[in-house]
Each structure stands twice: as C-alpha cells, then as structure tokens.
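Input: a single structure, listed below in structure tokens.
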2 protein chains.
Amino acid sequence: MGQSPRMNDADSARATRAEVLASTLAKDIIEGVLVPGTRLDEHGLAERYGVSRTPVREALRQLATSGLIDMRPRRGAVVASVTKERLSELFVAMGEIEATCARLSALSMNPMERKRLQALHDKMGKLVSQSSEDAYADANRTFHLAIYEGAHNPVLLDFAIRLRRRLDPFRRAQFRAPGRLERSHNEHELVVSAIIAGSCNDAHAAMLDHVHSVEDAFDQVKLDRFVESF
Amino acid sequence: MGQSPRMNDADSARATRAEVLASTLAKDIIEGVLVPGTRLDEHGLAERYGVSRTPVREALRQLATSGLIDMRPRRGAVVASVTKERLSELFVAMGEIEATCARLSALSMNPMERKRLQALHDKMGKLVSQSSEDAYADANRTFHLAIYEGAHNPVLLDFAIRLRRRLDPFRRAQFRAPGRLERSHNEHELVVSAIIAGSCNDAHAAMLDHVHSVEDAFDQVKLDRFVESF
DNA sequence: TCCATCGATATTGTATGCATTATCTAGTTA
DNA sequence: TAACTAGATAATGCATACAATATCGATGGA
C-alpha cells in the first residue's frame, strides 16, 4: 500500500482519508512505531490524525481484513500479536508461498529478470563482506520481491506481499543474529542458481530451506516482547 | 474459574450490523444472487437491509479488501468482474495453493483424516454414476476443504478459502460440461492415492493437473456474461 | 480478604446531516 | 449531427450526535 505506484497524481483516483489512514497505520505497524498489542483507540486515532472516527473505523476494518490488526465486536482493535505457534504457522505459509514463487520464477522469468536477480544477488554479496546489516535488509526485501514478481502472477504476488507485511512487525532484528548474513547469502545462492538454470524443483526446495532458516534465525533473537506468551 | 452467571456467553461475541452485512453480501455474491458487475449502491443497500449507510460502508470496505468487490474512491462499489486473463491468473494461483495443500496433506494428515478423505472420495464415485451434479458439487467443496485442512496450516487454509470464494461466482456451471464428472473423479483418484500413500510430490503434481483441468472445463462452458470482455 | 453488585465513565456501534464529487441531462454552438 | 458546457441530480466522503455496550472503581456483604 505504501508503495502504490500511482498515488500522488491529482488524477481522478485521489485517495480518501480512510485509505490514507489505512496506509499510514499499516506503515507504522510494519515499521514498529506501533508495536503488537498496542490498543488502537478510535477517538485517539481520530484526534491524532485530525479526522473524525468514521474514516478511522473504515481504515481499521480494512486492516483487520488483511490481518494486521485484531478487532473484536465492541471490544476495539489492537495491533495483531501472535502466539509462538501462530508465528510458526505464518512462517510455514510464507515458506510455501515463497517456494511456489521461486518455482514459478524458474519456469517463467525472462532473461532480463534473471539477469537482474543475479545482479541483485551479487550486490548483496558485497554488503555481506561489509557487514552492512541495514542495507542488506533493504536489498533482501527487493530480492524476495523480485522473485514474487518473477512468478508473473498478481494474485500470488499480492498474497506474498500481504504475508510479508504480517511478518514484518516480528522480524526486524533478524539479521542481527551472529553469522546470519553469510548464511542468508549462501542460501540465496542456491535459490538464484536454480532459478537461473530453470530448475524449478531445486528452486522450490532451496527457497523452502531458506525461509525455514529465517525462522530459526528469528527464534534465536527472540522478540518475545511482541509475542503473546502463556 | 466458573464464569459469571450474567455473562451471556456466545452472545458477547454478537456480530455487528457491518459484519452481518459483509457476510450476507459475500454469500449473495458467491451464490450468484448478485452477479459480477452489479453496482452496490450504499443508499440502496442500506434501505434494502434496513440499516444506515455507516455499517454498509464498513462492510463494503471489508469485502473490497478480500477482493470480492471492486471499490474506487468516489466512484462506488461493484461486484468484482474479471477479465479472462485475470480469471486465468486466479486459477493459476488457486492451483498452486491447492497443490501446496495437497503436498502438505500427504506429509501431515493423520490416519483419521486420510480415512475420511478416502471415504469422501468413494462417496463421490457413487454420485458420478448417478450423474448427481449438484450433490457432486457440494461434495467437491467438502473434498477440497478437507485437503486445505489436512495441510494443518490456518494461514494457508484461510488463503485457500478466500481464493475459492473469489472464484465461486465464476464457476457455478462447471460440472455441466459433458463428461466433467468422470474426469474430475479420475483426477481426484490420483490426488487421493498420492496423499494416502504420503507421496507428497505426486500429490502436488496431481492436484496441479486437476485444477488446470477445472480451468479448462470452465473455459468450455464460457460464462462470458460475468467476465469483462473487450 | 475476597467476591459480587452497581454505578460512573469510556468506548464502540449506528444514524443522520451536510459537504464534496461524480454523473446525467438539457441546451447551445460549431 | 456531434461535441461541449452548465446546471440539476444523485452518490460518496466525512463529521457529529446519540445509543448501546464494555470497562473500571467503589461499595457493601459474606
């Protein structure tokens, strides 16, 4: 939502307040400004963003449908928290979708897309040797997005992006785990070479491994404060 | 530990008007009462369902997020139509998700689930010989749902169900295609035996074939009136 | 002390009215 | 006739007010 390509033109598609709010809140949740568990009071949000409760409520309903917040009738909304089990389920689903995209990318990326993917991967190699964690994290997002797009299916692309958004609030510190950068890059290497070679089964398997490895790395840094514990 | 006697248990989770409306509209869209392209006028819906426009707008926004309707700022909402190309993309995505669920089912269904799947499949065999198209369609939904659930992942389950919902308005007449029932059942046979045997790769492949075959069957009956044409 | 009950308060749910924008129609002009 | 403009009409966007419900704290009894 935040990177909608044609949002700024005074064209006939100007966004409504509810849409702007939904984007803003989503961004704040993903970036950690609003941490999981935060109560989203309608009156408070309305005041904070200078609008009435009506567009706030519409935005909240939109976010609830996409899973970024939890809403219960007459009980209000909170930024979605997850149990460890549910987080694991999200990672499994993410792994399956990413693996599917990798498989399809191996089958249907055009030469330019393959070239770009390789270039991106090479660039990330340099970031590893520089231990540039933040830059690597940014490039990593681009890398995975390239594979979602390489599948050439807008429905899967949309789902992959949504799933990634739901996981983002929980995985910010992932690349801080010791040695994680190198391992990530090595796993990417397998994915990239399989995609370039058109080996769809290898691409699937390599990506599945990679995402599970991400989950493990995540477990290590333990962002318990964001995860419901009982 | 006991609950307070004044607590109205299930009643405390009573749905709001917006939620009821969203469900009702979704049902009407899926069942074809509201055909793709139908304009969803807020005032009209409010009057028809005896509520004000506020909950109507919230329900519409919810449906828009799930893809069942198309909304454009200040232009109102319509029941989602799709181009042929987009429909094909939906089928591809559905195929990939279903294939994934089939693969996971082969890996993680418990003996009882496998037994139930086999029983369902056998029952559908009888419906084929009776040419009971409607009963087969119902059982078919149950069959596919069983495989989504067999994957033991709520996130994938949710996505599969949503995707199926989005396709439902366009595939009602599918089993009317000549010989479709037999072919469907034969394809299911391959899926079921692979799942029962725990052959995850075969299950994946068989399900992928099946869904593509469904798409072809759909093409034959051509519900052009629901599909944007240009 | 613990629990239940009852208000007081805050928050959500819904209706309504007005403002803004899109759409439609009639009239005008080339 | 076709195209364009302007006003009328209708629809959506938003704010506000009120109603319904949940939450919290005080009170009183066991």
Side-chain angles (χ1 to χ4, degrees), chain A residues 1 4 6-26 29 34 37-65 68-81 228, chain B residues 1-26 29 34 37-65 68-81:
Chain A
M1 274 180 264
S4 179
R6 41 174 184 39
M7 271 269 285
N8 47 0
D9 51 22
D11 210 280
S12 62
R14 241 169 38 259
T16 64
R17 288 176 208 270
E19 287 175 319
V20 173
L21 249 172
S23 300
T24 305
L25 288 174
I29 292 170
L34 295 170
T38 305
R39 181 165 179 71
L40 296 168
D41 165 64
E42 294 176 3
H43 184 74
L45 290 174
E47 194 152 319
R48 178 168 163 192
Y49 292 102
V51 298
S52 78
R53 280 177 52 223
T54 308
V56 171
R57 285 178 58 84
E58 290 179 12
L60 289 181
R61 200 164 272 278
Q62 185 171 331
L63 294 175
T65 307
L68 229 43
I69 70 175
D70 291 329
M71 273 183 96
R72 290 166 60 192
R74 282 170 292 278
R75 313 286 295 275
V78 297
V79 178
S81 306
E228 278 172 17
Chain B
M1 272 258 240
Q3 302 198 327
S4 157
R6 297 213 289 106
M7 182 178 168
N8 279 339
D9 48 82
D11 207 280
S12 78
R14 221 166 55 258
T16 64
R17 289 176 208 272
E19 287 175 319
V20 173
L21 249 171
S23 301
T24 305
L25 288 174
I29 292 170
L34 295 170
T38 304
R39 181 167 178 71
L40 297 168
D41 165 63
E42 294 176 4
H43 184 72
L45 289 175
E47 194 151 317
R48 179 170 163 190
Y49 291 102
V51 299
S52 78
R53 281 177 50 224
T54 309
V56 172
R57 285 177 59 83
E58 290 180 12
L60 289 180
R61 201 164 274 278
Q62 186 171 331
L63 293 176
T65 308
L68 229 43
I69 71 176
D70 290 330
M71 272 182 98
R72 292 166 59 193
R74 283 169 292 278
R75 312 286 294 275
V78 296
V79 178
S81 305

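Computed from a predicted structure; not experimentally measured. Proteins get letters first, then strands, A, B, ... in listed order; numbering begins at 1 in each.
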statement: Quick tally for nucleotides 11-19 of chain C: nucleotides whose base has a protein heavy atom under 4.0 Å get B, sugar-phosphate-only ones S, the rest -, giving SBBBBBB--

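Using modelled atom types, no side-chain atom of A/E47 and backbone atom of A/G44 make a donor-acceptor pair closer than 3.5 Å. For the pair B/T65 (side chain) and A/T65 (backbone), a donor-acceptor distance under 3.5 Å is absent.
Here A/R53 pairs with A/E42 under the side chain to side chain donor-acceptor pair (under 3.5 Å) rule; sequence neighbours left out. In this structure, the side chain to side chain donor-acceptor pair (under 3.5 Å) partners of B/Q62, at least two apart in sequence or on a different chain, are A/R61.
In this structure, A/E19 CD and A/T24 OG1 are separated by 11.5 Å, a value rounded to the nearest 0.5 Å.
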